[in-house]
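As the structure is a prediction and not an experimental result, all values here were calculated from the model. Counting starts at 1 for both ligands and their atoms, in listed order.
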Amino acid sequence: MFEAIHSAPPDAILGLSEAFRQDPNPKKINLSVGVYQDNTGKTPILESVHKAGQLVLERQKSMSYLPIPGSPAYAAAVQQLMFSKGHEIETSGRAATSHTPGGTGALRVAADFIHQQMPKATVWLTQPTWPNHPQIFAAAGVPTKNFPYFDVKTNGLALDEAVAAIQKMPAGDVVMLHGCCHNPTGIDPSPEQWKKLADVIHDRGLLPLLDFAYQGFAEGIEEDTTGLKAFLRPGAELIVCSSFSKNFGLYCERVGALTVVAKDKNAANAVQSQVKVCIRSNYSNPPAHGAELVIAVLGEPDLRKLWEKEVGQMRDRINGMRQLLVKTLKAKGVPGDYSFITRQRGMFSFSGLTPPQVEALKTKHAIYVVGSGRINVAGITDQNIGPLCDAIADVVKA
Ligand code: LMR
């Protein structure tokens, strides 16, 4: 039965991490997967999370199953962080949140839900988008199409082209955007641009779906909800797929959430009953530990304060590395103007490196970058910046 099966190609992002692990070169540099690294190249456990772990151990009374959508305390914590405590969406009960295994799990449950409840809908993805987006929707049987997002000439947002494309989408389709720190370009709409996009999506009768995995990496926890909040309108519907992998460093705990905002509480209850069907036939119910850590950090004022400080430190380090990268590329005489890198936000930078240059970085210099030229700036350190820029100079000049 299995002899006719061909090998699948390695995953566009996680496959690079596997190759990186196997590379014996001691000077190797991993700028591929979206994982934060400190200035020594380590992915730390946040102190706030570490302290919360001790609380969780003391508090935990049972390891029985959680409800299908996870614990209500986790759902409340997710909603309060995204919508701000006391917001009408949070208090009205018209948002239904489920704890999913990571943001990817949230996307897959959303895709199953769309497939089952909105069978005629196409999901529109930004060009470019995260390589896993089309795969997730395809696996659920949901068709996807692309619309313009990135303007190569300005290294900025192609707002007019995006708006023109949205105005032609059939009502009832789904438009997916990244809530902040857009993956992979590092380009976010400004508050005015968010409003424009939300107006057009709303007027056209489309359903917005936000992939919101980097809250806190652009400007701050509250500030980074600007894009999301542009879609919060009385009675308006919305899907948010969020994650605590990055801002809590809880990558391996798989702590994400699917939040569906419906017209009113009754509609939200019906939606949640269908989301539960999708979850039950997928992974049944979520793992508990990571969610308990999030509940403890967000619920204890001292831990929350410490966590916000730690998110700020991660953000500042990444921004510092953006400045250093641009300065060092210039100092090493790499041709071109790379100042746009300092205008992008979050972990990622769409560097402009071409696929052959990316390949040469890997084979000649053991530097791992996603094929699209997306660089994880959080993988740059004071130690590797010199060799990295020498290698970029080499491949660009070649
Ligand atoms: C990334 O984009 O690198 C991360 O979100 C990890 C992943 O699952 O692809």
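Residues in residues 253-264 take part in these side-chain hydrogen bond (donor to acceptor under 3.5 Å, both in side chains) pairs, two or more places apart or across chains: T97-T259. Within the structure, every pair that satisfies the ring-ring contact (aromatic ring centres under 6.0 Å, His included) test and touches residues 138-172, not counting sequence neighbours, is listed here: Y149-H182, F150-F350.
The side-chain contact (heavy atoms from CB on, under 4.5 Å) test applied to L14 returns D11, V33, not counting sequence neighbours.
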Filter the ligand 1-protein atom pairs down to N or O on both sides and distance under 3.5 Å, then list them.
unit_1	atom_1	unit_2	atom_2	d
ligand 1	2 (O)	W130	NE1	3.0
ligand 1	2 (O)	N183	ND2	3.2
ligand 1	2 (O)	R374	NH1	2.9
ligand 1	3 (O)	G34	N	2.6
ligand 1	3 (O)	R374	NH2	2.8
ligand 1	5 (O)	K246	NZ	3.0
ligand 1	9 (O)	W130	NE1	2.9

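Seen from the ring of F83, K229 does not count as a face-on cation partner, given the 6.0 Å and 45° thresholds. Judged by the 6.0 Å and 45° rule, R315 forms no cation-pi pair with F217.
Other residues, nucleotides and ligands place no more than 12 heavy atoms under 6.0 Å from the CZ atom of R280.
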